[in-house]
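Here the structure is laid out as structure tokens; the discussion comes afterwards.
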Amino acid sequence: MGKHLTSREQDYSKWYNELVVKADLAQTSAVRGAMVIKPYGFAIWERIQADLDKRFKETGHMNAYFPLFIPKSYFSKEASHVEGFAKECAVVTHYRLMDDPNGNGVIVDPSAKLEEELIVRPTSETIIWNTYKDWIQSYRDLPILVNQWANVVRWEMRTRLFLRTSEFLWQEGHTAHATKQEAIAEAETMLDVYSTFVEEVMAIPVLRGVKTDGERFAGALETYCIEAMMQDGKALQAGTSHFLGQNFAKAFDVKFQTKEGTQEYVWATSWGVSTRLMGALIMTHSDDNGLILPPKLAPYQVVIVPIYRGQEQLDEISVVAEKLMRELRDNGVTVKYDHRDTHKPGWKFNQYELQGVPVRIAIGPKDLEKGTVEVARRDTLTKSFMDQSDVSTAIPALLDEIQVALFEKALKFRDDHSQTVDTWEEFKDLMKNNPGFVYAHWDGTQETEDKIKELTKATIRCIPLNNKLEDGKCILTGQPSTQRVVFAKAY
RNA sequence: CGGGAAGUGGCGCAGGUGGUAGCGCAUCUGGUUUGGGACCAGAGGGUCGCAGGUUCGAGUCCUGUCUUCCCGACCA
């Protein structure tokens, strides 16, 4: 195994693939398109889950669980929804295996064919709305504010770890409301929850906006999104929140009786983020030495590495290390003390850099004499010395500083790669040679969006919320436009 | 699903015109080491993706098939 990663400049996707594997986040599995998330990678996902889950509950939601399998007939009930997912559904057709009469292991028992095939959920709107029909009779049953953490399957042609796999983990919120206004407010609230989380915890700056017709979720009236910029200038959708109108209520006949006694269809939203956030995290912060984790998501925020000669010296250092570890833990810092004798300090330094541990503390014989430790920052790769007595207060402050610095650095990168453009030539040139977010006028038609995609591979990532109105001419057609939209190549 | 490339110990690779598999890293043992991926000595580990075929003989040639990666279409 090579000791160094492919550099980002040399081959960005190779860098990403190697980093995911070498940092021990995930690996490909024996199953086509499906990944194994390894303990270190899953620990990060657990932190994402825990923080988001808390935010969902603080905004009034509760978790529930709906089946993995969805009867095929449910899918045909909402036309645009089927159209959106039909091409990537896994289908269960049989329920039993038998010994192969020809002696070649087991085969599917042809007599065990299902009456109605089951779809492995690509998303759960249909099964959930079929259930909500039973839950909702009166306005007193509303709103329903439910989330589920689950796996879903979308049969993908080309897969990449975390970014696009056939099976992935996510959460999907599904809410039901008495009024349109309330449902829209819910979709907007959840977009706020996502953007706050992604910016404050993941340290990834996001644009908030709405999708165009072409990019909208299958079955939604409005799709809100947050878009992040990766270090190769491509956009990655970090989360979506949909206002579904009454589409699913009508498809599944979910009505409620109002105070006035009339029957009305329920208004709906759904919203989700997936393990794709792991990809966003990696591609926003990491460098050619490996992963860089924001302190708020790092499985260990601090790793302590002893430098010693002989058991006696290790024992002396361990006394200091364990004291510091206790003090740090008391101050809410997660610490790992790596005193394994099977690896040298240099090896550990490289390994923890590869795995993105925000702060490394090294303690050696010289530190014992002077009462100091060596503190190394992962994000800047800088080292300095600190008195042991300062560690318990200085390290939490340093972690906060790193958290902010990562966000600021990513924000600066995004700003440096965001341009306002008014000519088609300039637009084409940017997309080809220096991709990033391009703010340009668009005539509002699907045809133009498709044409631009065909010519440059760039799509409209979003129409920013609270967008400034400004008269202009469409970048491609010259037709009048009232606002700029954000174009980028996307993951 | 279209176009390319590749499948050989755990990982990365080498194996002109066919002759019975090798290197680096990793692993194991012993010793010396330990402030940025240590060194020396020794050891273990592969029915060459799979299935057919040609041949006295196939990692090598032929056919089929599966998988992975890259580039497109689709997508969170």
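In what follows, every heavy atom counts, from backbone to side chain, and hydrogens, waters and symmetry copies are set aside. Just so it is clear: chains get the letters A, B, ... in the order the sequence lines come, proteins before strands, and each one is counted from 1.
- What separates CH2 of A:W15 from P of B:C69 is a distance of 18 Å, to the nearest Å.
- Spacing of C1' atoms, B:G2 relative to B:U8, comes out at 30 Å, to the nearest Å.
- B:G45 and B:A21: their C1' atoms are spaced 14 Å apart (whole Å).
- At least one donor-acceptor pair closer than 3.5 Å links the side chain of A:R276 to the backbone N or O of A:L163.
- Within 4.0 Å (heavy atoms only), A:K383 reaches at least one base atom of the nucleic acid.
- For the pair A:K211 NZ and B:C75 C1', the interatomic distance rounds to 11 Å; values are reported in whole Å.
- A:N17 places its CG atom 12 Å from the P atom of B:G12, with the value rounded to the nearest Å.
- Distance A:K14 NZ to B:G12 P: 11 Å, rounded to the nearest Å.
- Distance noted for atom C1' between B:C13 and B:A5: 16 Å (whole Å).
- Nucleotides B:C69 and B:G12 have their C1' atoms positioned 15 Å apart, rounded to a whole Å.
- Taking atom CD on A:Q27 and atom C1' on B:G12, their separation rounds to 17 Å, with Å as the unit.
- Side chains of A:D338 and A:Y352: a donor-acceptor N/O pair is present below 3.5 angstrom, by distance only.
- A side chain to side chain contact (heavy atoms under 4.5 Å, CB included) with A:V210 holds for exactly one of A:V485, A:I463, A:L191, A:T223; it is A:I463.
- Annotation for A:K432: atom NZ does not count as buried by contact number, only 12 or fewer foreign heavy atoms lying within 6.0 Å.
- Rounded to the nearest Å, the gap between the C1' atom of B:U34 and that of B:C39 is 12 Å.
- When the nucleotides B:A76, B:G35, B:G36 are ranked by their closest atom to the side chain of A:N350, B:G36 comes out on top.
- Heavy atoms of A:P365 sit under 4.0 angstrom from at least one base atom.
- A distance of about 44 Å separates the C1' atoms of B:G22 and B:C74, rounded to the whole Å.
- Nucleotides B:U54 and B:C62 are separated by 15 Å at their P atoms, to the nearest Å.
- Rounded to a whole Å, the CG atom of A:L381 is 15 Å from the P atom of B:G37.
- Here, B:U17 and B:A38 have their C1' atoms 45 Å apart, quoted to the whole Å.
- Side-chain proximity of A:R309 to B:C75, B:C70, B:U34: nearest is B:U34.
- Closest approach to the A:R160 side chain among B:C70, B:A38, B:C69 is made by B:C70 (side chain taken as heavy atoms from C-beta onward).
- Residue-level contact check: A:F217 touches neither bases nor backbone, having no heavy atom under 4.0 Å from any strand.
- Comparing atom distances between the A:S13 side chain and each of B:G35, B:C71, B:A76 picks out B:C71 as nearest.
- A donor N or O paired with an acceptor N or O is found under 3.5 Å between the base of B:C75 and the side-chain atoms of A:R164.
- For A:K348 (side chain) and A:R340 (main-chain N/O), a donor-acceptor pair under 3.5 Å exists by modelled atom type.
- Put simply, the side chain of A:Y224 never gets that close to the backbone of A:D192: no donor and acceptor are under 3.5 Å apart.
- The separation between A:M278 atom CE and B:A76 atom C1' is 15 Å, rounded to whole Å.
- The base of B:G36 sits with one of its N or O atoms less than 3.5 Å from a complementary donor or acceptor on the side chain of A:R360.
- Each of A:K457 and A:R276 has a nearest nucleotide on RNA chain B; the 5'-most of these lies closest to A:K457.
- Along RNA chain B, the nucleotide nearest to A:E454 and the one nearest to A:E374 differ in position, and the one closer to the 5' end is contacted by A:E374.
- Side-chain contact, A:T212 with A:E449: a donor N or O sits under 3.5 Å from an acceptor N or O.
- As judged by a 4.0 angstrom heavy-atom cut-off over every strand, A:K366 is placed among the base-contacting residues.
- Across all strands, A:L163 comes closer than 4.0 Å to base atoms (heavy-atom distances).
- Going from atom NZ of A:K453 over to atom C1' of B:G72 covers 11 Å, rounded to whole Å.
- If you check every strand for non-hydrogen atoms under 4.0 Å, A:T342 touches nothing.
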Open item on the list: If a pair means Watson-Crick or G-U wobble with both distances below 3.5 Å, what does RNA chain B look like in dot-bracket form, with | marking bases paired to a different strand?
Closed with: ((((((((.[[[[.)...(..]]]].((((((.....)))))).....[[[[[..)....]]]]])))))))....
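- Counting non-hydrogen atoms of neighbouring residues, nucleotides and ligands closer than 6.0 angstrom, the CD atom of A:Q446 exceeds 12 such neighbours.
- Between the side chains of A:Q148 and A:S124, a donor-acceptor pair is found at a separation under 3.5 Å.
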